[in-house]
Amino acid sequence: MVNKQTAEKPDLHPILRTVMLVPAGNVASYGQIADLAGLPGRARLVGKMLGQVPEGINVPWYRIIRSNGQLAFPPGSRHSELQTGLLQQEGVAVIRNRVKMRDFGWQPSLTTLLFELDY
DNA sequence: GGTGTGACAACAA
DNA sequence: TTTGTTGCCACAC
């Protein structure tokens, strides 16, 4: 069977495809994305890539935060305000530049991964 | 091939 | 909770 993501975004880097799997209303950490993308230990690469996402493609960069729940951008910065707004729109509570991973952290089921990630 | 750099992570105080 | 330190690894010089 042809995987949906692969069929529609064949040239997209695994990291970005993985980011697109994070559902609205949830957040994931850089390390988690790296792991799921098959690149354990490369959380920093995830950040680097998100900073270079070409315009026009729909990647929910704002759902990716640090493993401790903090937003990666400095509090009060324009980026963090934007990120906060986008998350709040989805129902994710952002308090003092941080999110409760306990409540909003993404925990994909094995079947989700098997169906959506095809590589 | 050494050195510095990241939208990080884990851990210690 | 906040700050510092160390580990991490691909990349660009």
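None of the values given here were measured: they were computed from a predicted structure.
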Would A:Tyr62 and A:Glu90 count as a side-chain hydrogen bond (donor to acceptor under 3.5 Å, both in side chains) here? Give the steps.
CA-CA 11 Å; A:Tyr62 55 87; A:Glu90 301 184 344; 2.7 Å; yes

List the steps and the verdict of side chain to side chain contact (heavy atoms under 4.5 Å, CB included) for A:Arg63 and A:Ile33.
CA-CA 11 Å; A:Arg63 295 188 191 131; A:Ile33 295 300; over 6 Å; no

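For the atom pair NE2 of A:His13 and CD of A:Gln52, the computed distance is 10.5 Å after rounding to the nearest 0.5 Å. Atoms CG and CG, on A:Leu21 and A:Asn26 in that order, are 12.0 Å from each other to the nearest 0.5 Å.
Ring geometry, A:Trp61 versus A:His79: the interplanar angle exceeds 60°, so the pair is classed perpendicular (tilted spans 30 to 60°).
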At under 4.0 Å between heavy atoms, how does the protein contact nucleotides 8-13 of chain B? Give one character per nucleotide, 5' to 3', with B, S or -.
BSS---

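From the 5' end on, the contacts that DNA chain C makes with chain A at under 4.0 Å to a non-hydrogen atom open and close at C:dT1 to C:dA10.
Searching all strands for a Watson-Crick or G-U wobble partner of B:dA7 with both distances below 3.5 Å returns nothing.
Residue A:Leu50 is in base contact, counting any heavy-atom pair closer than 4.0 Å across all strands shown.
No side-chain heavy atom of A:Thr84 sits less than 4.5 Å from a side-chain heavy atom of A:Glu81.
Considering A:Val22, A:Leu113, A:Thr18 in turn, A:Leu113 is the only one that fulfils the side chain to side chain contact (heavy atoms under 4.5 Å, CB included) rule with A:Pro108.
With A:Arg98 contributing its side chain and A:Gly69 its backbone, the two residues share no donor-acceptor pair below 3.5 Å.
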